[in-house]
Amino acid sequence: MAIKIEDVLRNMKLENVNITIGEIVEEGKVKAEAEERKEVREESLPVGPTPKPHILDLRYWDRVLLERFEPIYMPMQDFCNLCTMGPCDLSFNKEGACGIDLKTQKARIVALACSIGASAHATHGRHLLEEMIKEFGEDHPIDLGLEVDVVAPNIMTVFGIKPKKLKDLREVANYVEQEITRVLHTIHTGQEESYLDYESKALHVSMIDHVAMELADIVQISCLNYPKGDPDAPLIESGVGALDLEKPVILVIGHNVVPARFIDDYLREKDLHDLIEIAGICCTAIDTTRYDAKAKIVGTLSYQLRIVRQGFADLIVVDEQCIRADLLRECSKLGIPLIVTSEASVRGCEDRTNDDVNDIVDDLVNGRAKGVLIRDMEKLAKVAVKTAFKSFLRRSRRNVSVNVEEEIKKCVNCGRCVENCPHSLRIDLAFARAKNGDFSLLKELEETCIACGRCEQVCHRGVRIVDVIVRIGEAKRGKVRAGRGPIKDSEIRNVGQPIVMGTIPGVIAPVGCPNYPRARRELSEIIEEFLKRRYIVVTSGCHAMDLGIEGGLYEKYGGDFDAGCLVNVGSCVANSHISGAVIKIANIFAGRNLLGNYAEIADYILNRVGAVGLAWGAMSQKAASIATGFNRLGVPVVASPHCLKYRRGYVGKFWKRDKWWVYDIKSGQKVYVEPCPDALIVCAETKEEAIVLLARLCFRPADTYLGRQIKLTHYLELGKKYLGCYPDDWHLFVRTEQDLPLKMRDELLQILEEEHGWKIDWDKKKILEGPIRKYDPGFNPTLLKDIYEKYRR
Amino acid sequence: MAIKIEDVLRNMKLENVNITIGEIVEEGKVKAEAEERKEVREESLPVGPTPKPHILDLRYWDRVLLERFEPIYMPMQDFCNLCTMGPCDLSFNKEGACGIDLKTQKARIVALACSIGASAHATHGRHLLEEMIKEFGEDHPIDLGLEVDVVAPNIMTVFGIKPKKLKDLREVANYVEQEITRVLHTIHTGQEESYLDYESKALHVSMIDHVAMELADIVQISCLNYPKGDPDAPLIESGVGALDLEKPVILVIGHNVVPARFIDDYLREKDLHDLIEIAGICCTAIDTTRYDAKAKIVGTLSYQLRIVRQGFADLIVVDEQCIRADLLRECSKLGIPLIVTSEASVRGCEDRTNDDVNDIVDDLVNGRAKGVLIRDMEKLAKVAVKTAFKSFLRRSRRNVSVNVEEEIKKCVNCGRCVENCPHSLRIDLAFARAKNGDFSLLKELEETCIACGRCEQVCHRGVRIVDVIVRIGEAKRGKVRAGRGPIKDSEIRNVGQPIVMGTIPGVIAPVGCPNYPRARRELSEIIEEFLKRRYIVVTSGCHAMDLGIEGGLYEKYGGDFDAGCLVNVGSCVANSHISGAVIKIANIFAGRNLLGNYAEIADYILNRVGAVGLAWGAMSQKAASIATGFNRLGVPVVASPHCLKYRRGYVGKFWKRDKWWVYDIKSGQKVYVEPCPDALIVCAETKEEAIVLLARLCFRPADTYLGRQIKLTHYLELGKKYLGCYPDDWHLFVRTEQDLPLKMRDELLQILEEEHGWKIDWDKKKILEGPIRKYDPGFNPTLLKDIYEKYRR
Amino acid sequence: MSVYADVQVSRSAKALEPEKLAKLVNMSKYPVLITGGKLLENEKLVDVAVRINEKGIDVIACSASSKPLIERGVKPKFTTFSLHYVTQFMLDPDFRVEGKSIDLAIYLGFMPYYLSRVLSALKHFSKIKTVAIEPFYHPHASFSFPKVKDEEYYEMLERFVGALEVRV
Amino acid sequence: MSVYADVQVSRSAKALEPEKLAKLVNMSKYPVLITGGKLLENEKLVDVAVRINEKGIDVIACSASSKPLIERGVKPKFTTFSLHYVTQFMLDPDFRVEGKSIDLAIYLGFMPYYLSRVLSALKHFSKIKTVAIEPFYHPHASFSFPKVKDEEYYEMLERFVGALEVRV
Ligand code: SF4
Ligand code: SF4
Ligand code: SF4
Ligand code: SF4
Ligand code: SF4
Ligand code: SF4
Ligand code: SF4
Ligand code: SF4
């Protein structure tokens, strides 16, 4: 008896009369007033209690979160060897020579990972800022288009200013670097004694990460003519299959658009634009195509080794982050020239910045230099283009032939590769079957392999495992909508109410790295389930690529930020527009002041905005800080099984009733509430499990009964579909019979009575006893005493 | 046939005629001219090629260093699990899933450790700077006393300005934080492919660390009325035995003087100064006694647990870094109140900043609050003093009794504790012997134990091992000269020439943490050997304390920066005065321009200034960055056996002749030189080995023959004394018969002929053939092509 | 006299024969079977889980493995919470399944690296005994199947199920 | 079918009986004995080193252990370089001691944590075989004494020295 969502929606319309009461009304009113005073606000915005917060300033909010969402640690390593008093055996939560215990040590490592992640975006942002100031002047306006007035929600909420010009961002960058340094300081031996305080640091530096990302992205949007919140940003030709291999191919890899942009400009300037393919891997791919829609996206991190091994890249230019640490070795094996451009990723290459262009080109093409460092971007562009043409002429000399059969024969099926494969992929079995002509397992292997190369490191028979795998695959092709940047204020105005009411059942944000095998395939399946159900889907980074290349979803779903959309905001740094969008709901829709008002905003989001992140294969330290930054803002994240390796989750216990309470501003009471969301970061093993979990984490205490009905409908349906039954805890989300989907109401009431012992008035079909709390349309929850007091006054 | 150093010196005087030629003359001249133009210089100092360098700007210098001083890696761990693609087995230099190999991964960890170290000092410095600006205004002058004109040699050389007021340091702090963030960024998965580039980052961020330390220390000296280069800084009562236990004892632990200072001020203000003991552990001890010579130094890190367990501390106030991570747990077991004050080290304590003083005091004294966070230093002072008095009244209630005999009886000599002891100390044997009434091994154990508590973590019999050990020890007592801060310009003027000539045989700088067992005892033995031989000894941090408390050396040796002195510059951050002093030699004595001129200065130091650091038990990440910062500046460091756990050394190969060359500015040629120094950071196992090694690393290519004679004399003597023979490589340092100590000349010439096949003209007692190079008094070495070209012009 | 302790691993699972593992389960007070995502792909594992359940051992179905189990008539005690949640619950001494406290957990059908983390958490921070009946040896479990060849794995499962006593 | 590889240690030393260790040394082309600081405190170890040297095995004396050895008539090939230096040299395939390339190194008398790092470096980055005849089992060595009780240690050293053939 599947329930059709359309029916529910239709039913709801009938009942759609008296819902604009209570908080919704209040918020509407506040909003209207706020709108009127917009001009005034611009000049004299009030500043909240915590502008430029340091570690301790928001600790009280962290304590609230950590009380509910208890950290869970899953050590990767029983020992610590961070200082020379070690190594210390901390197993079973013993203490090391400095007195630290295992849990605290794990929390310390998490805080460190988040610091590294934040430092990556901070450095990226600082680099862009200084580059753009050099080029455009420090008075260049920050401009995300006419329809984006709240240009920097993260910066406003955290730092407490609304930046107008590039120069305003310099003090933001200083602040970001200061906070990262301060958190890093705490990693030093001999500091925290409680894991809760390291978690507070992880949360803090990850919030800073969102500020850093926002800084980076608004700089590049403002200066580089990227799409500015455009729902119809162009569709980019993507996938290996999209490349025109008749042309020289310049492959750009990394996260920073600057080198690719100079090459692109140079090509246009010299009218060579149509003669060369610029193709990208990882976030540089996304940002390059925001700059020039004719550039192409090859794919995600797991394509790096694949592409190199295929030998058709005539030049590789790398910038920073997420670049394989064997790229120079791999390229030089095939004679592919490599240019490095970033201080972060020099790879031992000689600095040739001051050399003659032709000398560098010659050295690269002839293999005298395997890779070179060029720090001058104009020179880089010249060298890159010349090298690409010359190298193209030698492409045929690159020996990339693989005798698949022979390689397969070499294998003795010993399984050493499997033990070393991060996914324990059964290479041995795949090869064994292939020997007998059955290539199905090998095909399957190709689909799931992340092309990391660890298997090859241990094969004593020298089987070219990755080469075989690459040879088996087909060149994928698809379209990815170019990263549009921010969500427009008007869009927020439209969806704010349905999101907060719950009538848009949720915002699903797939963001992260696809280093979970099968992620490419599974991700699209998960997301399409939600697109069909008209959730808002907003994506970025490598996940955004996969949804296009593997899923072909951009062609099917619109780019407006509204129910059933698929919005690609951009590269990793564009994640700040996702956190920014939820912040903007609190501001534009609900009229909450942003400036220096982080805790209030996060509390608002946690209780009202049913947004959930999905990191189906997060890999990097940046992924850790991005996710943790969402967490501090009150946005839960579902992660792939690999993410357990981050060692720490924030997972609440639904069965501990006393953990789930809020202050109700309306009634003036502390009330127990349903446990929603009941985790801030939690892993799922299968896509089926992830789907149900995502739907579950969209519930919010402030849902209206209409919203709750819709959310419950999806949750129950998805439970039936994927778990084979209604989920264990659906009844916890029922406050009143009105929360129950109309068509299922009788059935559900019966279950509540029989299985959960609730008292039902069957005449009126009313629930008499059972729910955690009564439904009150004016319910106005907060977890913060100061917010409670402020609004009670 | 021991040679008396006095004889050598006497002999030298006879020959002391024609030595002020060559470079020495040149340098002298330049110096004189520079002096004359001082006024002018002040305003229009030339700026060298690399002001505010970023990572890549000094990479060329790093490459020079790393070419000679090859990194050696000693993995602590075969696996990497820094990202969720791992864990990756990197054993035997295999590559992980991101493509990184084991060496590069180890270098990455080193760069990370140095970043953490630098971030600690940076945050400390930033905190002091903002605190002092708040109190003294941003125009408060940077003032290190009349005799210190070059106030900030590190800042000048790296950042390229000479700061005059506090506000000038703000941009320095911004730069420091930016650079740390940039280096941290490179730790992110997927960046470097070559260990050399991670080493370059480690070197860079460690150079930044010295800038950060200097910033911190000149701020506190300028504002807090510390000794300003005073050779007669007061002698501080130190050691547990120095405490007056009839008074309430406030114990301050950490690295940041601010909380202790407020308490001290409050006591003076309220005339309670004589009624309370303020005593410190770790660097806070040093800085508190720079502020108030009546405060007392208890000792180093390894005293933390000892003191707590003895129960006489009536209140512990901690700030940041190097604080045991079990302090709150340990204190609360005995009912010792704890106040935390720093964002870095909150330990789960509640923030009571806004509470009533009496409430906090009551909660602390009654144990309702085990520890509290107080962020307002004025309130802290009040709470601390009240709490100390009240807690003092309850001191007798703290149960610290240990029945040593009973504990010893409990032990079954299973050895589990030994396996878990970082030093494999034979607790089992010590207890076994003690059972039979022989306490000698237990005494020995007490001497070597660092009181880390790991043994107790695993004893299944619950033996109170640390308590027993503490009970066995006696309360040490000694005097430590208060940290004097910078070396005066006039002192540099006096010793610059003898140091560069070599007639002061070397500068030995014991800096670091004493977490190597026996370090306390051994350190003093090592250092006294050099004091007797009239080396300059300049010390800081925990080593500075040990030399007083254990060695009693301050009372024997003077505090002027000159031959045979023992100068304590101060806490960890005062290490910058040691790097600063060697920089000042290049500037004040040799007239080299400092501003933005790092590579030239470091090259000068490496080739001419026979300064060597000694870290006899370095523990922390700060120790790593301090040492590595010295290394980039051309100063080698000898470290204790524990320091192998830093995983990386910089150790040259004396037998690879082609590694040891310089450009000679005078002759205009590339010349092979003696391999000196032949390591930048290298470990020794025993104090005997360390002594010989220190003497060996004092040789410099630019030594005059007089200097070389003296250095050889010590080296040969120490070889005989500690190795039982002349060292293996002494002949490599002989360029001419004049290099040979007069009294030993015949013997040595004979050895050179017989064992090394040198040709000797026995009539003239001249060496005809054999040395690596001829001695040339005008020899003017550099490793940098650009410096060579600059001075050849 | 002893190992110099810088080999960086603490307690490793005892690798036991299936019969011995079953005996441990038989001796436990309230054992549960926790099932993972491999049951969605591998009918044989579903079968094993069903038969373990038939011996009277409660099932907690993770990773959506409830679906095939329910189809085969199993009534899992939980169906909705991922292994990450379930582990967090189990780490809390207050956690009860219908009033009962889990003292032993059997794991079947999980990705190895995923399960490994969970076993590590329980090893360090709880007293619950963990038993991995997986095709990989799991060092962080209390007890694990030994390293076996693929073809032997199902036979070992058979032996394990066979040796389980029916609980009442 | 196999171990799930997150136990974080690679190859561990074979713990062998003294006679077997001696046999390995006998079979090597150019073995050296490297001595450490414990010789300054422990006359028995000096004795062992002297007797190993008498079997024709060259000594590299680190940590100032040359002093007692020279007093007993040993002529170490090196006296001045710390173990850190010597290891750096040995990691270089060009390194020769009087023209000879070390293929096996015996370690005696070092602090366990200090030696452990060195053994780890040689294990990962060289082909030289390392033999630890120390009172602790050294996992990173190629071969090591097993875990023994204190009193047995000297007896094992005796057996080791006894089983060494005289080299010519
Ligand atoms: S930081 Fe603490 S636990 Fe880690 S190695 Fe150092 S002393 Fe041991
Ligand atoms: S390691 Fe090599 S030989 Fe062994 S199974 Fe894998 S591919 Fe085959
Ligand atoms: S390349 Fe593919 S098969 Fe090989 S180890 Fe990596 S993920 Fe496994
Ligand atoms: S999503 Fe992850 S893998 Fe992809 S570019 Fe961003 S950080 Fe790198
Ligand atoms: S950083 Fe590289 S080596 Fe380390 S765990 Fe990640 S993929 Fe493996
Ligand atoms: S662990 Fe305890 S019982 Fe065993 S030797 Fe050490 S003190 Fe004695
Ligand atoms: S407290 Fe002393 S004896 Fe115990 S483990 Fe630490 S150093 Fe060893
Ligand atoms: S010397 Fe080392 S242990 Fe001592 S205070 Fe400084 S960093 Fe801490």
Got a second to check how far [X]'s [atom1] is from [Y]'s [atom2], nearest 0.5 Å?
X: C:Tyr113; Y: A:Cys421; atom1: OH; atom2: SG; answer: 9.5 Å
X: C:Phe78; Y: A:Leu723; atom1: CZ; atom2: CG; answer: 13.5 Å
X: A:Cys643; Y: C:Arg117; atom1: SG; atom2: CZ; answer: 13.0 Å

More than 12 heavy atoms of other residues, nucleotides or ligands under 6.0 Å from [atom1] of [X]: is that the case?
X: C:Lys75; atom1: NZ; result: no
X: A:Arg433; atom1: CZ; result: no
X: C:Lys23; atom1: NZ; result: no
X: C:Lys14; atom1: NZ; result: no

Task: For chain A, which residues of residues 81-97 of chain C have heavy atoms nearer than 4.5 angstrom - done: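 Expected list: C:Phe81, C:Ser82, C:Leu83, C:His84, C:Tyr85, C:Thr87, C:Gln88, C:Phe89, C:Leu91, C:Asp92, C:Asp94, C:Phe95.
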Determine whether a donor-acceptor pair (N or O, by modelled atom type, separation under 3.5 Å) exists between the side chain of [X] and the backbone of [Y].
X: A:Thr686; Y: C:Ser63; result: yes
X: A:Glu685; Y: C:Phe110; result: no
X: C:Ser120; Y: A:Met74; result: no
X: A:Asp728; Y: C:Thr80; result: yes

Open item on the list: With a 4.5 angstrom heavy-atom cut-off, is it the side chain or the backbone of C:Leu69 that approaches chain A, or both, or neither?
Closed with: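 No part of C:Leu69 comes within 4.5 Å of chain A.
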Task: Among the listed options A:Leu90, A:Leu644, A:Ile691, the residue most often paired with chain C at heavy-atom distances under 4.5 Å - done: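 Most pairs with chain C among the choices: A:Leu644.
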Open item on the list: So which residue, A:Glu70, A:Lys103, A:Glu688, ends up with the most heavy-atom pairs under 4.5 Å with chain C?
Closed with: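 Among A:Glu70, A:Lys103, A:Glu688, the one with the most close pairs to chain C is A:Lys103.
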Is it the backbone or the side chain of [X] that comes under 4.5 Å from a heavy atom of chain C, or both, or neither?
X: A:Tyr650; result: neither
X: A:Ile681; result: backbone
X: A:Arg647; result: neither

Would you say [X] and [Y] make side-chain contact, with heavy atoms under 4.5 Å?
X: C:Phe125; Y: A:Ile72; answer: no
X: A:Phe92; Y: C:Lys123; answer: yes
X: C:Leu40; Y: A:Glu689; answer: no

TODO: Write down the atom of C:Tyr114, the atom of A:Cys683, and the distance for their closest heavy-atom approach.
DONE: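 What the structure gives for the nearest pair is OH-O, 3.8 Å.
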